[in-house]
Amino acid sequence: MTIIKVENLGKKYILTHQQREPYTALRDVMANGFRKMVNRGVVQPWKRLFAGSTIQQLPSSTKEAFWALKDVSFEIARGDRVGIIGRNGAGKSTLLKVLSRITEPTEGRVRIRGRVASLLEVGTGFHPELTGRENIFLNGAVLGMTKAEIKRKFDEIVAFAEVEKFLDTPVKHYSSGMYVRLAFAVAAHLEPEILVVDEVLAVGDAQFQKKCLGKMEDVSTKEGRTVIFVSHNMAALQALCTKALQLENGRLVGEGAVNEQMGKYLESLKVDCGLSPAGPRKMGPNLIINKFQLTPNPVESGNDQEFFIEISSDKSDRIDSLVILIYSSLGARVSILDLRHAGFPLYINEKPLSIRGTIKNVPFVEGEYSLGLYVESSQVRENFLELAKMTVTNGSNAEFIPYHASVRGIVQLKYEINGNIVE
């Protein structure tokens, strides 16, 4: 069942441009005032000094029409979890304000079935002079809830927001984090058919963000409500949303599965982490990464991936630590391969340092991955990213290793440094 239908939506703003900076110093104000007095004859002796002078004119201005949204059309079904992605200024927040009935569209039509609860920015919908308790009832009333319905949800809201001690304190004294916790708790628990959340959750700590994502998923899957979520956190969008809308310069340029649209968005930003090596890369004053090669590439999930790294130096140097870093296409670090088991520190003289190894039974799902190095030497301590690209495809030999929940990942590694095998 379609719960939101947007047809040819457009939102226009009128921008005013000053042709000249409208800035007047105090000395200009005093001089202009004195000129007026002279011209009126109040200060006769000085009139001849200002003969022909005029009062400074205010800067003129021009106006320009700016379309924050233009010809946007889409439909959202009940229970959908929709992420809206795009660069800053693409029109995401404007779209949410239109859907939340905060801003009137300039053209087009929006059809919405049901109550909409919005969390767009810190402070939206709360009266700063009222207490947290009073604002809960105020927000509920705005959403059309009865007092009895709000009372039934009251304890859940307070427990979720974790603001019990400050419930009877005016919210103007809340920190931004407390404000957002209470605002989200109210919006999520007062049973709206549509929950609209902007980037505001970034104000909260990591634990609360995780709690909010879980609540939004429950609202959608268990209660059949619709969630619209705007964020620049690709991992959060991927974890929560089932479909995505991509905006660019106020226009809808993509709609579909969240992974597909996120891939296109990252490609448009040219921030795909999987970059092929661009030849030798200097690291600090002396060290140079000559090679970072992967074979085979692509590699099937579950098969072995061999790598070869060659590092040289303009003069004698010492490497105290060397770590391979692996990142997903979304920029999340998925694994760290520490090579310090082979008797560090290592010394580089006139002969390059060669490291050849194997990532055993590649345990990654299908996708693009970027490899880099963390290098710690006598003169440098830094991450060097995007040195190699690894493409993983689905394979029949993939092994799923059972491990404790506290372990973030397991990679089996076998390698050699200058011919010395480490396993």
Side-chain angles (χ1 to χ4, degrees), residues 81 83-84 88 92-94 96-97 99-103 114-233 235-237 239-241:
R81 301 194 299 275
I84 301 179
N88 290 331
K92 304 184 298 297
S93 295
T94 302
L96 293 194
K97 288 178 181 178
L99 295 179
S100 303
R101 301 188 180 98
I102 295 173
T103 300
R115 290 190 297 254
V116 180
S118 303
L119 186 59
L120 302 182
E121 58 188 51
V122 177
T124 301
F126 275 8
H127 193 296
E129 299 295 336
L130 298 181
T131 66
R133 184 189 305 274
E134 291 166 337
N135 270 295
I136 292 174
F137 282 93
L138 174 63
N139 268 253
V142 169
L143 287 173
M145 308 282 288
T146 65
K147 191 172 183 179
E149 289 176 306
I150 300 171
K151 282 185 174 180
R152 192 177 72 248
K153 291 285 186 177
F154 186 84
D155 290 341
E156 284 185 56
I157 293 171
V158 173
F160 189 94
E162 301 174 3
V163 294
E164 294 91 337
K165 292 182 180 179
F166 310 97
L167 199 55
D168 294 307
T169 301
V171 296
K172 66 181 181 181
H173 299 305
Y174 284 16
S175 68
S176 58
M178 292 166 60
Y179 217 115
V180 168
R181 289 205 302 271
L182 184 58
F184 181 86
V186 171
H189 286 81
L190 291 182
E191 300 183 350
E193 279 76 22
I194 302 166
L195 177 61
V196 177
V197 182
D198 205 345
E199 188 71 58
V200 67
L201 287 185
V203 175
D205 55 47
Q207 182 180 0
F208 184 73
Q209 289 182 38
K210 183 178 180 180
K211 190 175 179 180
C212 290
L213 291 174
K215 180 61 180 177
M216 285 190 283
E217 186 172 4
D218 288 345
V219 163
S220 174
T221 56
K222 297 180 181 179
E223 302 175 24
R225 306 184 191 280
T226 300
V227 176
I228 302 175
F229 184 39
V230 167
S231 178
H232 289 287
N233 186 333
L237 284 166
L240 173 68
C241 301

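If you read the sequence from its start, that first residue is 1, and numbering goes on from there. Values reported hereafter were calculated over all heavy atoms of this structure, with side chains retained and with hydrogens, waters and symmetry mates removed. Quantities reported herein were computed from a predicted structural model and do not represent experimental measurements.
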Query raised in the report: Do L96 and I84 have side chains that get closer than 4.5 Å, going by heavy atoms?
Result: yes
Query raised in the report: For E217 and S220, does a side-chain donor sit closer than 3.5 Å to a side-chain acceptor?
Result: no
Report summary line: Heavy-atom nearest pair, L167 first then I136, reads CD1-CD1, 4.3 Å
Query - Over-ring placement of K211 relative to F160, 6.0 Å and 45° cut-offs - result: yes
Requested in this report: Taking N135 for its side chain and H127 for its backbone only, find out whether a donor-acceptor pair lies under 3.5 Å.
Outcome: yes
Requested in this report: Report the C-alpha separation of L195 and R225 in whole Å, then their side-chain angles, then the decisive distance to 0.1 Å, and conclude whether the side-chain contact (heavy atoms from CB on, under 4.5 Å) test is met.
Outcome: CA-CA 8 Å; L195 177 61; R225 306 184 191 280; over 6 Å; no
Report task. Would you confirm whether R81, through its side chain, and T226, through its main-chain N or O, come within 3.5 Å as a donor-acceptor pair? Result -> no
**Report entry** Shortest non-hydrogen contact between A161 and L182, atoms and distance
**Finding:** CB-CA, 3.7 Å
Query raised in the report: Does E149 reach the main-chain N or O of T146 with its side chain, forming a donor-acceptor pair under 3.5 Å?
Result: yes
Report task. Evaluate the side-chain proximity of F229 to V196: yes if any heavy-atom separation is below 4.5 Å, no if none is. Result -> no
Query raised in the report: Can you tell if the side chain of H189 reaches within under 4.5 Å of the side chain of K215, non-hydrogen atoms only?
Result: yes
**Report entry** Pairwise side-chain contact, M216 with V197, heavy-atom cut-off 4.5 Å (strictly under)
**Finding:** yes
Query raised in the report: F126 and Y174: aromatic ring centres closer than 6.0 Å?
Result: no
Query raised in the report: Taking atom CD of E134 and atom CZ of F137, what is their separation to the nearest 0.5 Å?
Result: 10.0 Å
Report task. Taking all non-hydrogen atoms of both residues into account, name the closest pair between S100 and S118 and its distance. Result -> OG-OG, 2.5 Å
Query raised in the report: Can you check whether I228 reaches L99 side chain to side chain, under 4.5 Å on heavy atoms?
Result: yes
Report task. Please report the shortest heavy-atom distance between V158 and E164, naming the atom on each side. Result -> CG1-CG, 3.5 Å
Query - Nearest heavy-atom neighbours spanning V116 and P192 - result: C-CB, 4.4 Å
Requested in this report: Flag the pair V171 / L130 as yes when at least one side-chain heavy-atom distance between them is below 4.5 Å, and no otherwise.
Outcome: no
Query - Nearest-0.5 Å distance that lies between atom CD1 in I157 and atom CZ in R133 - result: 12.0 Å
**Report entry** Heavy-atom side-chain proximity of I194 to R115 below 4.5 angstrom
**Finding:** no
Query - pair H173-F166: side-chain heavy atoms closer than 4.5 Å - result: no
